[in-house]
Amino acid sequence: MDLSRYGPWAFIAGGSEGVGASFARKLAAHGVNIVIAARKPDPIHALAAELRSAFGVEVRELPLNFCAVGMLEQVKAATQDIEIGMLICNAGAENSLSPFLERKPGRAEMMIALNVTAPTQLSYLFGAGMRERGRGGIIIVGSNSCHAGAPRQVVYSAAKAYQFNFAEGLWVELKPHNVHVLGLILGLTNTPNLARSGFRPDAAAGLVMSEPDDVAQQGLDHLGREPIHCIGGWTERWQQLRGLPRDEAMAMIGQGVRSKS
Ligand SMILES: NC(=O)c1ccc[n+]([C@@H]2O[C@H](COP(=O)([O-])OP(=O)(O)OC[C@H]3O[C@@H](n4cnc5c(N)ncnc54)[C@H](OP(=O)(O)O)[C@@H]3O)[C@@H](O)[C@H]2O)c1
């Protein structure tokens, strides 16, 4: 697969580790230059050094918080002189499971900023250039929690549902312009963040655990082919959920959430 059509630069929101870093390595291997955006500077810097040395590409390091006021201005300033041919919105996990009303004030707004506002603004910012050039790619990394309301992840599952419809609608609009859009729907994935969240692997017996490299590869393979791709064995579960009465779908998603705790 020739990924250079998605160059000369890719912007990866949440590109310093896990699935985002896997995307960065795969694109850099095809000569695509990378902007890595995430909060902690050290992991960004380490990956940037690795990509420069292994693949000879240019890398821009952009430490920022996608939930912070002024985020978009930082992104614009860092990218105004380069052509972004690929946008990957990866940052967006929910690490704490708790009822909506028991959360700290502002927590819901942060989840919405990360999963709804940032991907929307970044797609608007970079999508216009892609449409004008008649080529490009946008991947929004979502979650199986999008398929039904999830207890103890109420805002997360709602925000992920937004991403699902956002990717589908944008896919229809940008397809005639040769710009590929994909909602990449993940199930349990073995990321550093999942490990830090205190996830107990024994609680997920029987569930499929995906690896970041495989997830990123599937994303790149399915980009341009369809608007939504669910990772691995989860596609069947999604189809099953769509056919269920809503109360049963919610119970099924709720079961998945319980297995994480
Ligand atoms: N892991 C799973 O089991 C799983 C399951 C379903 C869906 N997903 C989805 O997959 C995506 C990746 O998940 P993940 O587990 O790797 O954790 P994640 O925290 O969403 O993503 C990790 C990357 O995002 C950055 N990041 C996180 N919050 C940020 C913020 N506020 N501002 C800027 N950068 C931020 C991290 O670096 P810093 O920490 O340095 O900022 C890191 O580069 C998410 O969208 C998640 O919803 C994951």
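Predicted, not measured: the structure shown is a model, and the values here were computed from it. When a ligand or atom number is given, it counts from 1 through the structure's own listing order.
- Ligand 1 has an N or O atom lying under 3.5 Å from an N or O atom of Lys160, backbone or side chain.
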CA sep, side-chain torsions, deciding dist, call: Lys175, Glu226, salt bridge (charged side-chain N to carboxylate O under 4.0 Å, His left out): CA-CA 10 Å; Lys175 194 173 189 294; Glu226 57 208 344; over 6 Å; no
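- Within the 4.0 Å heavy-atom cutoff, Tyr156 counts among the residues contacting ligand 1.
- Annotation: side chain of His147 is in contact with side chain of Phe164 (closest heavy-atom distance under 4.5 Å).
- Atoms of ligand 1 found under 4.0 Å from any heavy atom of Thr191, numbered from 1 in the order shown, are 1 (N), 14 (P), 15 (O), 16 (O).
- The two residues Cys67 and Met110 make their nearest non-hydrogen contact at SG-O, 3.5 Å.
- Proximity annotation for atom 38 (P) of ligand 1: of Glu17, Met209, Lys40, Lys40 comes nearest, heavy atoms only.
- When the heavy-atom distances from atom 4 (C) of ligand 1 to Gly187, Gly15, Pro63, Cys67 are ranked, the shortest goes to Gly187.
- Other residues, nucleotides and ligands contribute only 12 or fewer heavy atoms inside 6.0 Å of the CZ atom of Arg242.
- The heavy atom nearest to atom 43 (O) of ligand 1, out of those in Ser143, Ala37, Ser16, Ser22, is found in Ser16.
- Backbone and side-chain nitrogen or oxygen atoms of Asn115 are examined, and none is located within less than 3.5 angstrom of a nitrogen or oxygen of ligand 1.
- Ligand 1 has at least one atom lying under 4.0 Å from a heavy atom of Ala38.
- Distances between N or O atoms of Gly92 and those of ligand 1 include at least one value under 3.5 Å.
- The pair Glu50-Arg25 meets the salt-bridge criterion, with a side-chain N (NZ, NE, NH1 or NH2) lying under 4.0 Å from an Asp/Glu carboxylate O.
- Between Trp9 and Ile34, the closest side-chain pair of non-hydrogen atoms is not below 4.5 Å.
- Looking at Arg39 next to ligand 1, an N or O pair under 3.5 Å apart turns up.
- Of the candidates Leu186, Leu62, Asn95, Leu186 brings a heavy atom nearest to atom 8 (N) of ligand 1.
- Not counting sequence neighbours, the partners of Val154 by the side chain to side chain contact (heavy atoms under 4.5 Å, CB included) test are Phe100.
- For the atom pair CD1 (Ile231) and CG (Leu184), the distance works out to 4.0 Å, reported to the nearest 0.5 Å.
- Those atoms of ligand 1 that come under 4.0 Å of a heavy atom in Leu64, given as number and element, are 32 (N), 33 (C).
- Taking both residues in full, the closest heavy atoms of Leu62 and Phe11 are given as CD2-CE1, 3.9 Å, listed atom of the first, atom of the second, then distance.
- Within the 4.5 Å cutoff, the side chain of Arg152 has no heavy atoms near those of the Ser98 side chain.
- Residue-ligand proximity, Asn65 to ligand 1, at heavy-atom distances under 4.0 Å covers atoms 30 (C), 31 (N), 32 (N).
- Residue-ligand proximity: Gly142 is placed with a non-hydrogen atom under 4.0 Å from ligand 1.
- Of all atoms in ligand 1, numbered sequentially from 1 with element shown, those under 4.0 Å from a heavy atom of Leu114 are 30 (C), 31 (N).
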